[in-house]
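In what follows, a structure is listed as structure tokens, so that the remarks can point back to it.
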Amino acid sequence: GGLGQLGIGLARLLRKQYGTENVILSDIKKPSDEVYNSGPFVFADVMDYGNLRELVTNKRITWLVHYSALLSAVGEANVALARSVNITGLHNVLDLSLEHSLRLFVPSTIGAFGPTSPRDPAPDLCIQRPRTIYGVSKVHSELMGEYFHHKYSLDFRCLRYPGIISGDTEPGGGTTDYAVQIFHDALTSGRFECYLRADTRLPMMHISDCHRATLEFMQAPASQLSLRTYNIAAMSLTPEQLVAELLIHLPHLQVTYKPDPVRQAIADSWPMSFDDSNARRDWGWRPAFALAEMVTDMLSTIRVQKEGRHLQTS
């Protein structure tokens, strides 16, 4: 799943540390010319065990980052496909990692919690019981990965990501994606319609912090880890707080609220904040971006992208 919101940026960070040729992006989609020319890319279908096995063997893979998944809102619209990709695909990756002694990273999510979980904050260990196929599949990922670690000593590692805010790619169908779309709409039309209530508070994180947390966690000595699945946190915010910060930069921005029943129900079942004290204690996690820094960076990133596209078309 390397061409989604997270894979391209993480590959860029890994290539700086380990060399361009030592980090291989893979997906079932055709990469852009920029991505294709930036380093090795191969076709890999998480549903095709033979294809994955051949790739791991021929390329002598030692780490596997499994980003392939259908996200919350998209998954609810196609439960059968989400079940196949998110659960059967995970089983293929677990079996492959065990067979070839790989270090395996699988992200989890804010969506792995449910309405009976503690919400403010949600700790690492608590009742989960999510109510989306995405959340159910991620709890399954956490438990199966930890089972393989305890039974077979597989080096499985998992971070529960909050909502990730990134200007690198288009929103991918997640419930927190309003916090990405608002930047695009603000700079294109100056108007935005939010599908969540103004007071809906959720954990969020700038993508640079997400990438750095993933790399630091993967590099952490196993002896430092008291858990195999950790929460990581940076900020918790509502749409109205994000809008207030944007108005400092774009005072003519107009925002309306039209809650979508499906996504609002999902958001209302999720934590309002994460307790990431174990990650901070065990392997030194610290975020760098708060709300103000995130907004400034996102506006700059998307402006540069839009200017680049304008130059290409002209």
Side-chain angles (χ1 to χ4, degrees), residues 1 3-9 29 32 67 69-78 82 107 109-111 132 134-135 161-211 234-270 272 289-310:
L3 295 184
Q5 183 189 28
L6 301 173
I8 294 171
K29 299 183 292 185
S32 67
Y67 275 151
L70 267 67
L71 302 184
S72 55
V74 172
E76 290 306 287
N78 195 335
T109 167
I110 178 181
T132 65
Y134 177 56
Y161 290 156
I164 302 302
I165 301 176
S166 165
D168 293 337
T169 58
E170 294 296 320
T175 300
T176 58
D177 278 345
Y178 83 85
V180 177
Q181 190 64 52
I182 190 172
F183 289 95
H184 292 277
D185 290 3
L187 291 173
T188 301
S189 67
R191 293 186 298 275
F192 177 69
E193 183 177 272
C194 185
Y195 54 73
L196 296 180
R197 290 191 316 271
D199 63 350
T200 306
R201 187 157 69 96
L202 293 168
M204 299 284 187
M205 178 177 286
H206 188 279
I207 194 165
S208 295
D209 277 340
C210 176
H211 290 326
M235 65 191 93
S236 288
L237 57 90
T238 65
E240 61 188 355
Q241 288 174 317
L242 178 55
V243 169
E245 189 66 31
L246 268 167
L247 285 170
I248 297 172
H249 302 266
L250 303 169
H252 300 295
L253 173 65
Q254 297 177 355
V255 177
T256 56
Y257 296 91
K258 186 180 179 181
D260 169 61
V262 173
R263 284 188 278 198
Q264 187 65 57
I266 292 172
D268 288 342
S269 74
W270 286 356
M272 292 185 282
F289 285 80
L291 175 59
E293 293 83 6
M294 181 272 290
V295 167
T296 300
D297 182 82
M298 283 288 290
L299 288 172
S300 174
T301 298
I302 294 174
R303 280 186 174 122
V304 168
Q305 289 177 353
K306 290 185 180 298
E307 289 169 4
R309 284 196 291 268
H310 177 72

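What you are looking at is a predicted structure, and each value in this text was computed from that prediction instead of being measured. Numbering starts at 1 and runs along the sequence shown.
- Side chain of Ser300 to backbone of Thr296: no donor-acceptor contact under 3.5 angstrom is found.
- In this structure, CE in Met205 is found 11.0 Å from CD1 in Ile110, a value given to the nearest 0.5 Å.
- Using a distance-only test at 3.5 Å, with no hydrogens or angles considered, no donor-acceptor pair links the side chain of Glu245 to the main chain of Leu242.
- A donor and an acceptor atom, one from each side chain of Gln264 and Asp260, are nowhere located under 3.5 Å apart.
- One distance of note links CG of Asp199 with CD of Gln241; it measures 10.0 Å at 0.5 Å rounding.
- Looking at Thr200 and Tyr257, their side chains never come closer than 4.5 Å, going by heavy atoms from C-beta outward.
- Between Pro239 and Ala198, the shortest heavy-atom contact is CD-O, 3.4 Å.
- Contact record, Ala234 with Asp209: CB-OD2, 4.4 Å, taken as the closest heavy-atom pair.
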message: One pair to check against side-chain contact (heavy atoms from CB on, under 4.5 Å): Thr176 and Trp270. What are the steps and the verdict?
response: CA-CA 11 Å; Thr176 58; Trp270 286 356; 4.0 Å; yes
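- Here the side chain of Asp177 pairs no donor or acceptor atom with the backbone of Val180 at under 3.5 angstrom.
- Taking OG from Ser72 and CZ from Arg263, the interatomic distance works out to 8.5 Å, rounded to the nearest 0.5 Å.
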- prompt: Under the side-chain contact (heavy atoms from CB on, under 4.5 Å) criterion, do Thr256 and Cys194 qualify, and how do the steps go?
  reply: CA-CA 6 Å; Thr256 56; Cys194 185; over 6 Å; no
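- Under the 4.5 Å side-chain criterion, counting only non-hydrogen atoms from C-beta, Ser236 is not in contact with Leu202.
- The backbone N or O of Gly167 sits less than 3.5 Å from a side-chain atom of Gln305, completing a donor-acceptor pair.
- Pairing each heavy atom of Thr175 with each of Leu196, the nearest pair is O-CD1, 3.9 Å.
- Side-chain atoms of Glu293 come within 3.5 Å of backbone atoms of Ala290 as a donor-acceptor pair (strictly under, hydrogens ignored).
- Considering all non-hydrogen atoms of both residues, Pro107 and Tyr161 come closest at CB-CE1, 3.4 Å.
- When all heavy atoms of Leu246 and Phe183 are compared, the pair lying nearest together is CD2-CE2, 3.7 Å.
- To the nearest 0.5 Å, atoms CD1 (Ile207) and CE (Met294) are separated by 12.5 Å.
- Going from atom CE of Met204 over to atom OH of Tyr178 covers 4.0 Å, rounded to the nearest 0.5 Å.
- Contact of the Glu193 side chain with the Val255 side chain is not registered, since no non-hydrogen atoms from C-beta on lie closer than 4.5 Å.
- Applying the ring-ring contact (aromatic ring centres under 6.0 Å, His included) test to Phe192 and every residue at least two apart in sequence or in another chain returns nothing.
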- prompt: Would Asp297 and His206 satisfy side-chain contact (heavy atoms from CB on, under 4.5 Å), going step by step from the backbone distance to the final call?
  reply: CA-CA 9 Å; Asp297 182 82; His206 188 279; 2.7 Å; yes
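- Here the NE2-CG distance, from His249 to Leu299, works out to 6.0 Å after rounding to the nearest 0.5 Å.
- For Ser269 (side chain) and Ile266 (main-chain N/O), a donor-acceptor pair under 3.5 Å exists by modelled atom type.
- The heavy-atom pair separating Ala186 from Leu253 by the smallest distance is CB-CD1, 3.7 Å.
- Counting only distance, with no hydrogens or angles, the side chain of Tyr134 and the backbone of Gly111 share no donor-acceptor pair below 3.5 Å.
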